[in-house]
Structures are given as structure tokens and as C-alpha cells.
2 protein chains.
Amino acid sequence: MDATLDAVVIGAGFSGLNAARILRGEGKNIVVLEARDRVGGRTKHGQIARLDIDLGGMWLAPSQVRLAELADRMNVGRYPTYLAGKSVLTMAGKTGLVNGEDFTEFLTIQEKIQAYLLLRKINHLLSALDEVDPWGSPQSKKLDSTSVEIWLCEATQSERLRSLIRVICASLFCAETSQISLLFFLNYLKGGGGLESMISADTGGGQNLLFHGGVHQIARNMAQELGSALRLNEPVHSIDVSNGIAVVNTQSAQFWAKRVIVAVPPTLTNKINFNPPLPSAQTALHTRLSMGSVIKFWIAYPTPFWRQQGFNGSIVRDDRPASPCFDVSPPNSELGLIAGFFEADHAIHAGDSNTLHRRETVIAMLAAHFGEQALKPLDYIDVDWSREEWSKGCYGAFAPPGVMSHYGSSIRTPHRSIHWAGTETATQWAGYIEGALQAGERAAQEVLRGLS
Amino acid sequence: MDATLDAVVIGAGFSGLNAARILRGEGKNIVVLEARDRVGGRTKHGQIARLDIDLGGMWLAPSQVRLAELADRMNVGRYPTYLAGKSVLTMAGKTGLVNGEDFTEFLTIQEKIQAYLLLRKINHLLSALDEVDPWGSPQSKKLDSTSVEIWLCEATQSERLRSLIRVICASLFCAETSQISLLFFLNYLKGGGGLESMISADTGGGQNLLFHGGVHQIARNMAQELGSALRLNEPVHSIDVSNGIAVVNTQSAQFWAKRVIVAVPPTLTNKINFNPPLPSAQTALHTRLSMGSVIKFWIAYPTPFWRQQGFNGSIVRDDRPASPCFDVSPPNSELGLIAGFFEADHAIHAGDSNTLHRRETVIAMLAAHFGEQALKPLDYIDVDWSREEWSKGCYGAFAPPGVMSHYGSSIRTPHRSIHWAGTETATQWAGYIEGALQAGERAAQEVLRGLS
């Protein structure tokens with residue numbers, strides 16, 4: 001056991017894989033330990049009607065340069081989310097159709113004015129925030145004492161706009177507005193380029209592009225490049241950095257390394273025993289963050305028949321559990337595919353039923369809007385991410401009030417030779433694959449500096 | 001392995017021990033599994049200057065009838081917390097001395113009026129709350145969206161009163177006001193008989209009486225009565241209730257039982273694999289609750305010399321980390337003992353230093369008020385409860401905003417043959433030993449009904 005590694009990377013999601021790729025590129029001797037029997041973390045390969053699909057993260061925003069570059073290098077092509085036609089929208093008791101994503105069509109003139117004012121309030125708050133050090137701003141304690149819900153009820157009198165923000169929060173965080181710190185919400189928006197860009201599937205938006213064959217294959221390609229440096233089914237039990245060298249223990253093996261990168265969701269670090277213990281503020285942060293709750297579903301039809309009816313397949317309803325959903329049919333297939341989500345409390349409630357029951361819920365919603373053809377899908381599949389042992393939720397961790405301003409500043413602070421990756425530690429697009437890549441890159445750079 | 005037990009009780013804190021005691025009293029065949037090498041949970045035996053003391057929970061309120069009755073039966077006597085003389089109080093930049101606990105002496109006439117109005121607001125909110133079903137009230141969602149901090153800043157303009165409530169929250173929950181749901185706060189106060197009774201050490205208050213020899217000995221006595229039915233060092237890995245019988249697995253053994261009582265802090269249930277999985281709302285509740293942060297210290301002097309100076313030993317300062325502290329010297333000893341706390345963020349920061357450093361902090365504070373004699377203690381001891389593997393914090397779990405109203409109703413709901421105990425599941429004095437006993441009693445009764 002005198003073969004001391006340069007680094008051990010824990011977690012083979014996009015963050016750990018990217019850290020490993022960069023370290024190997026610099027000729028470092030590393031090992032990647034992954035608890036699951038697969039790579040990709042909160043992205044995951046699946047099949048529906050024999051087509052390869054993403055059961056986890058899947059979209060690309062044009063501003064997400066790291067992910068785009070990786071995909072280009074691997075020749076993984078993209079296609080835009082289908083938006084031509086009408087979306088179905090229900091908000092606070094009113095149902096209607098709008099063109100593409102233009103939800104403002106749905107608002108009265110008065111509500112449009114209020115929406116403009118609300119967005120200006122948000123952007124004003126965002127402009128005062130430092131995205132790298134949001135806890136350092138003079139306003140941070142106050143913003144962090146408040147839940148998004150409390151702020152929302154003060155910020156607008158429009159029940160329809162409140163409903164819209166609640167749906168957006170559920171979609172971004174898979175949590176309810178009452179559970180999310182306003183400071184965390186704002187910081188998240190800031191890192192993703194603002195509210196409008198994050199919720200949009202149109203040009204420039206967070207849900208703009210999809211990968212032919214799925215984004216998960218990029219993780220698999222990165223894993224292949226690692227060869228035998230990647231070890232699956234190796235959950236880490238303990239990390240001892242009390243002496244100069246780091247000792248990483250799994251059930252079956254022990255690894256000695258100069259540096260360690262922990263690239264797992266912060267809420268899962270509690271499964272690892274650290275010696276010496278992590279700084280108290282870091283433990284407090286990790287234990288107080290919560291994972292969002294989401295069940296992602298896919299449903300397949302012989303054709304995207306809704307398009308002929310003038311629909312684009314998008315349904316956003318604040319009164320139905322299986323929303324939002326989108327037409328994600330790949331252009332090189334005849335199949336009609338819709339992917340959607342049970343989010344936040346809807347996911348928690350639907351988590352106690354079963355796939356068959358959820359399938360019925362989805363079909364009933366689609367049939368209500370797209371007619372009888374929706375009753376006969378070819379295939380249906382879903383994944384409850386809260387039940388995945390090594391995720392315990394998706395898309396990311398969120399902070400309840402009073403956590404970020406008190407302990408947030410330690411989220412990226414190395415503990416002796418331990419460095420932190422994972423999308424939650426990103427300063428841009430935290431909670432997204434792009435954030436995972438950025439965090440992995442930053443952790444790798446820390447390690448390279450530490451080794452030199 | 002055909003010897004099927006009536007019940008397995010997991011956790012030998014006061015809650016599990018009481019459940020076991022009641023089940024055995026009814027002739028049931030049970031086993032108690034405890035992860036630690038000792039019983040008592042969040043109570044713990046210690047010694048200072050050769051005197052037996054409590055390193056965890058220790059006080060008795062006169063209205064806590066279950067604990068009093070147990071103590072009576074075991075002939076464990078009580079003595080009142082010493083209050084004769086002046087307490088030191090600092091709040092929002094003003095330091096002063098008050099008689100006993102009468103902090104109102106410290107307030108201006110205007111502040112007294114505001115304090116009266118604030119207390120009336122709290123009591124008004126309490127009167128509208130159902131202590132068994134707080135999440136069912138029409139107001140619950142709104143109360144639960146708010147942190148105590150946000151409510152506080154609206155409820156009073158007095159910075160001194162705000163500071164007082166912040167100190168009270170730190171003392172009750174070992175957490176900051178910005179982190180605690182107002183609904184949770186109110187429900188907690190309701191179960192403890194209201195704010196005034198909970199914060200008082202005088203007749204009727206939560207800190208009124210101390211046990212000769214320590215409350216931990218009551219847990220030890222209960223454990224002795226269990227004999228070989230108690231198994232220490234047996235952390236439970238998994239519970240399988242998928243077939244009619246419950247199968248409880250530890251590292252070394254397997255137990256079959258008709259019923260299971262889980263009597264551990266809800267945040268620790270995540271260490272146990274349940275098959276079938278717990279209901280999603282129950283998992284969401286357990287993962288979203290947080291444990292408070294506290295370091296309890298004891299310091300011993302040859303005599304309670306501060307008494308001669310007219311002090312009662314109580315120091316409550318919002319600007320010092322080692323506060324509050326109290327004179328807890330037993331009347332049958334000549335020693336002068338002070339017990340106190342690093343709470344909430346003070347505990348988190350002090351958790352990264354060491355016992356020697358914390359000892360200096362405590363001594364400096366005592367010397368500043370009680371003079372040079374404080375510089376030479378006989379002994380000092382402290383425990384960081386966040387670092388205790390099988391507690392991960394004290395005194396109890398608290399709920400951030402948006403948790404109780406969404407998932408709280410499942411806190412006592414049995415999952416097949418699994419029943420829930422632990423002080424957090426109590427309807428009265430949750431977070432106290434009395435709550436632990438009440439919860440254990442209720443769970444035992446559920447099991448008895450289930451077995452009959």
C-alpha cells in the first residue's frame with residue numbers, strides 16, 4: 001500500500017467525472033469511487049419503446065458552455081424542445097392556451113403590469129447580490145430569514161402570479177415556496193442568468209436543447225476514458241485526513257491519496273465518517289440542506305399526434321400533479337414522446353402510489369387536453385428520485401431559511417486535503433449538469449494547486 | 001429463529017425504556033436494541049470533581065408528572081435550581097442585574113408595555129392552536145411559511161425584546177430564529193404550557209427542579225429492570241415488515257417480532273433501511289427536520305462563592321457564547337457548580353475549538369461578573385452533542401418553515417407494524433424527557449392494542 005495516489009474522487013456524476021478528466025489530463029494518478037453500479041449521478045439512462053432516453057437531467061441551455069463543449073467533442077448532437085403550437089396553461093382556476101411559452105397572453109392587462117413589476121423587483125434584488133459570496137452582502141441575513149412564500153405574498157397581490165411563482169419554484173427546486181429561503185432562491189436565479197432564462201425552453205433558455213441519444217452517454221463516454229481508474233459499487237465509509245495523507249475506506253478496499261474530491265450531494269456526505277470531523281458549520285450546512293422531491297416520467301405514442309391538433313405538448317397546470325410536461329420527441333424518430341414531472345409535494349404524494357397508478361394520472365391529463373388518442377400509449381416509465389439510495393432526491397439540494405447566511409460560506413471551503421465538488425457547490429448553474437461540471441473543474445484546479 | 005417476540009424497541013433513551021417498561025408490565029416478550037454502549041439517549045452520566053452529574057437533559061418541571069412519578073418510585077430526590085440573589089442579564093447592549101428571573105426589571109416602562117403586548121400576541125396565537133393537530137388548523141400553512149425571526153420583527157419594534165426572544169429560541173431549540181418555523185415554535189410552546197412556564201426556573205417552570213445524583217440514574221434503573229432484554233451496541237441497519245412479521249437486523253443479529261417501536265430522533269431514522277420504504281411524507285418529514293446544536297458545560301468551584309456576592313449564578317447574555325448558565329450546586333455538597341450552554345450558532349462555532357479553549361471562554365465570562373475567584377475552578381467538562389454519533393444534536397429536532405404543515409401529520413402515524421416514539425413525537429413537552437416518556441407510553445399502548 002505504498003502506492004499513494006494523487007487524488008481520490010468520490011462520486012462519478014458529471015462533477016466527479018469532470019474533476020477526474022481534468023486531473024488525468026494533467027497526468028495525475030487518480031481513482032474514482034462510485035457507490036452505484038453506474039456513472040452519471042442524477043443523469044440516468046433509460047429506454048422507452050426501445051429508444052434511449054434520459055431518466056434524470058437532460059436539457060442544455062445555450063449558455064452552458066462546458067456541457068456543450070463536451071458534447072461537441074463526443075459528437076453528441078442536439079435538437080430543440082418542440083414549441084411550435086399551443087401550450088396548455090392553468091393558473092389559479094383559469095385554463096387557457098398560449099402560443100409557445102408566452103404565458104403573458106394568459107394574463108389580463110392588470111396582471112401584465114403586476115408581472116412586469118414583480119420581475120423588476122426580482123431583478124432588482126438579483127442585481128444587489130454577489131453570486132460567489134451571497135452570504136456576505138449586508139442584506140443577506142434578512143433575505144435568508146424569509147421564505148419565498150412570505151416574500152411572494154408581499155411582493156404581489158395577484159393570485160395568478162403567486163401561483164405562477166409557486167409552480168416555477170416547484171419546477172426549479174422540487175420543493176414548495178414555503179420551504180425555500182429567499183436568499184437561496186435569488187442566488188440560484190442569479191447563477192442561472194435570471195428567472196426568464198431559467199424557466200424558458202425557447203432560444204437561450206434552460207430547457208432549450210435536448211441530446212440525441214441522451215445526455216447520459218456523455219457521462220458514460222467520460223467513464224470509458226477513465227478505464228480501470230473508475231471503480232463502481234464502492235460506497236465510501238470513511239475518510240481519514242488526520243495524518244498528512246488521506247485514507248479513503250470502502251467496504252472492501254482502502255485508498256491512500258494526497259488529495260480527495262468529494263463530489264456527492266451535500267446531504268449525502270453525512271453517510272461518510274470524517275476524521276477529524278468536518279468543521280461544525282460545514283456539518284450544519286450539509287445536514288440542514290434538503291433534497292428536492294421529483295418523479296420524472298416518460299410516455300410514448302406512435303406519433304406526436306397532438307401536433308396535428310395545434311398543441312406543442314407542453315402542459316403547465318398548477319392543479320394537476322403530473323405537470324409540467326413537454327414534447328421531447330427526437331426529430332429522427334416517428335414516435336411521439338412526452339416527458340414530465342411530479343414535483344415537490346405532488347412527488348411526495350405520488351411516491352406512495354405505484355407506477356401503474358401514476359401512468360393512469362398522466363394518461364388522464366393528456367387525454368383531457370389531447371383527446372382519446374392519449375389513452376393508448378406504447379410505453380410508460382418513471383423514476384422516483386427520492387427513492388434512489390445515492391441521490392435521495394433531485395434535482396438538487398435547496399436551503400430552508402436561515403441556513404445559507406449562517407453556514408453557506410463554507411460550502412466550497414476545503415477541509416485539510418478534502419475538496420468539495422457537486423453541482424450544489426457551483427457558482428453558476430448550480431443544480432444543473434453545467435454547475436456539476438463547473439464545480440468539478442474548480443475542485444480539480446484546487447487539487448492541482450495543492451499538489452504542485 | 002421461531003422465537004417471535006411481541007415487540008422490538010429500537011433506542012434505549014427515556015422513550016424506548018418507558019415503552020419497554022410498559023410492555024413488560026403487560027407480560028410481553030420484548031427486546032430493546034440500543035446503538036450506544038449505554039442507555040439514556042440524550043441524558044448522560046458524567047462526573048465533575050467526583051460528583052455524579054448530568055451531561056445531557058437534567059431538569060424537572062413540576063407539571064412533568066411522568067418523570068416525577070418514576071423518580072418517586074426509585075426514591076430519586078429533587079432540589080430546586082438556586083435563584084436567591086441577582087441574575088446577570090445582557091440584552092441588546094444593556095447589561096444589568098435583576099432579582100431572580102424577573103427580567104422585566106430590566107425593561108423600561110415602554111418596553112414593559114411592549115413585552116405585555118408581545119406575550120398577549122403569542123398567547124392569542126397559542127389559544128387558536130390544536131396541540132395534537134396543529135397542522136390541521138386553517139391558519140397553519142400561513143404560520144408555517146414564516147420563520148420566528150420574520151414574525152418577531154413584525155410583532156415588536158423593541159430591539160431588546162427581539163433579542164430576548166432570540167435568546168429564548170436559542171435556549172429552547174438550540175437554533176436561530178431565522179431557521180425555525182413559527183408554527184413549530186408555537187406548537188412547541190403550547191405543549192410545554194406556554195412561554196412563561198417553559199423559560200422559568202422558578203416554581204412551576206421548566207428549569208425548576210434538579211435530581212440528586214442526576215436524572216440519568218432513572219434511565220439506568222429502568223435498564224436494570226429490563227435485564228437481558230436490553231442489548232447495547234446493537235445499531236439497527238434495517239427493518240423489514242413486508243411480510244406479516246417484522247424482521248429487525250443489526251450487524252450481528254436478527255430479531256423477529258410482531259411489532260416494532262422506533263424510539264430514536266426522527267433525523268436518525270434515515271440510517272435505517274425500511275422495507276417497504278416509509279411513506280414519502282414521513283421520509284420527507286424525517287429528512288427535513290434538523291437537530292439543534294448545543295455544547296453543555298459544567299464548571300466546579302470549592303464553594304458557590306458568587307452567592308456571598310449576592311449573585312444566584314445565572315447569567316443570560318445575548319453577546320456571549322457561553323450563556324445561559326445556572327447555579328446547579330446540590331445542597332448536600334459544599335461544591336459550587338455552574339452548568340451552562342453554548343447554543344445554536346455559538347455551539348457551531350465553539351464546536352471547532354476544543355474543551356480547553358471553551359473552558360477559558362467560560363472562566364473569562366464568570367470572572368467578569370463574579371471576580372477573580374472564578375479564575376480557579378476545580379474542574380471543567382463539556383459535551384458537544386452534535387458530535388455524538390447517535391444524537392447528532394440536542395435537545396431535539398426543530399422544523400424549518402414549510403415542513404410541519406406539509407408533512408407533520410405523519411409524525412405519529414404507524415407504518416404497518418412500526419410505531420413511532422421519541423420525544424419529538426410527543427404532544428406535550430416534546431423535546432423534554434417528559435415528552436419522551438409520554439411518546440413511549442403512547443407507542444406502547446398502540447402496540448398493546450395491535451397485539452390484542
Side-chain angles (χ1 to χ4, degrees), chain A residues 141-154 175-183 267 270-271 273 276-285 287-291 293 295 344-345 347-353 384 386-387 389 392-393 398-407 410, chain B residues 141-154 175-183 267 270-271 273 276-285 287-291 293 295 344-345 347-353 384 386-387 389 392-393 398-407 410:
Chain A
K141 286 243 166 180
K142 192 162 168 12
L143 294 173
D144 197 35
S145 297
T146 308
S147 69
V148 175
E149 176 66 23
I150 288 292
W151 164 79
L152 183 62
C153 288
E154 280 167 15
E176 304 292 328
T177 44
S178 61
Q179 299 165 346
I180 303 165
S181 148
L182 179 60
L183 178 68
T267 60
N270 304 309
K271 290 199 174 200
N273 289 314
L278 295 183
S280 298
Q282 218 155 32
T283 303
L285 176 66
T287 54
R288 281 163 169 80
L289 293 173
S290 290
M291 294 301 282
S293 308
I295 299 169
D345 277 6
I348 287 171
H349 296 136
D352 290 331
S353 69
D384 183 347
S386 297
R387 295 268 163 95
E389 186 182 357
K392 297 280 187 191
F398 69 90
V403 172
M404 291 312 281
S405 65
H406 288 259
Y407 323 117
S410 71
Chain B
K141 285 243 168 182
K142 192 163 167 12
L143 293 173
D144 198 34
S145 296
T146 308
S147 69
V148 175
E149 176 67 22
I150 288 291
W151 164 80
L152 183 61
C153 288
E154 280 167 16
E176 304 291 328
T177 44
S178 59
Q179 299 165 345
I180 304 164
S181 147
L182 179 61
L183 178 69
T267 60
N270 304 310
K271 290 199 174 201
N273 288 314
L278 295 183
S280 298
Q282 218 154 34
T283 303
L285 177 66
T287 54
R288 281 163 171 78
L289 293 174
S290 290
M291 293 302 281
S293 308
I295 299 169
D345 277 4
I348 287 171
H349 297 136
D352 290 331
S353 68
D384 183 349
S386 297
R387 295 268 163 95
E389 187 182 357
K392 296 280 187 191
F398 69 90
V403 171
M404 291 311 281
S405 65
H406 288 258
Y407 323 115
S410 71

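So that the names make sense, note that chain A is the first sequence line, chain B the second, and so on, each numbered from 1. In what follows, every heavy atom counts, from backbone to side chain, and hydrogens, waters and symmetry copies are set aside.
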Pick from Ser181(A), Gly351(A), Pro277(A), Gly393(A) with the largest number of heavy-atom pairs that fall under 4.5 Å of chain B: Pro277(A)

For the student: nearest non-hydrogen atoms of His406(A) and Ser178(B), plus distance: NE2-OG, 3.3 Å

Gap separating the CD1 atom of Ile348(A) from the CG atom of Leu285(B), nearest 0.5 angstrom: 10.0 Å

Over all atoms of both residues, closest heavy-atom pair of Ser147(A) and Ser145(B): OG-O, 2.7 Å

Any residue meeting side chain to side chain contact (heavy atoms under 4.5 Å, CB included) with Ser290(B), in chain and number order, not counting sequence neighbours: Arg288(A), Phe398(B)

Exercise: identify the closest heavy-atom pair between Asp352(A) and Leu278(B): OD1-O, 4.4 Å

Over 12 foreign heavy atoms within 6.0 Å of NZ, Lys142(A): no

Set of side chain to side chain contact (heavy atoms under 4.5 Å, CB included) partners for Ser386(A), sequence neighbours left out: Ser293(A), Asp384(A)

Option in Pro276(A), Ala347(A), Ser280(A), Ser405(A) with maximal non-hydrogen atom pairs under 4.5 Å from chain B: Ser280(A)

Under 4.5 Å from any heavy atom of chain A - which part of Pro279(B): both

Residue selection (most heavy-atom pairs with chain A, distance under 4.5 Å) from Glu176(B), Arg387(B), Glu389(B), Lys392(B): Arg387(B)

Spatial distance of atom CD1 (Ile150(B)) from atom CD (Glu154(A)) [nearest 0.5 Å]: 7.5 Å

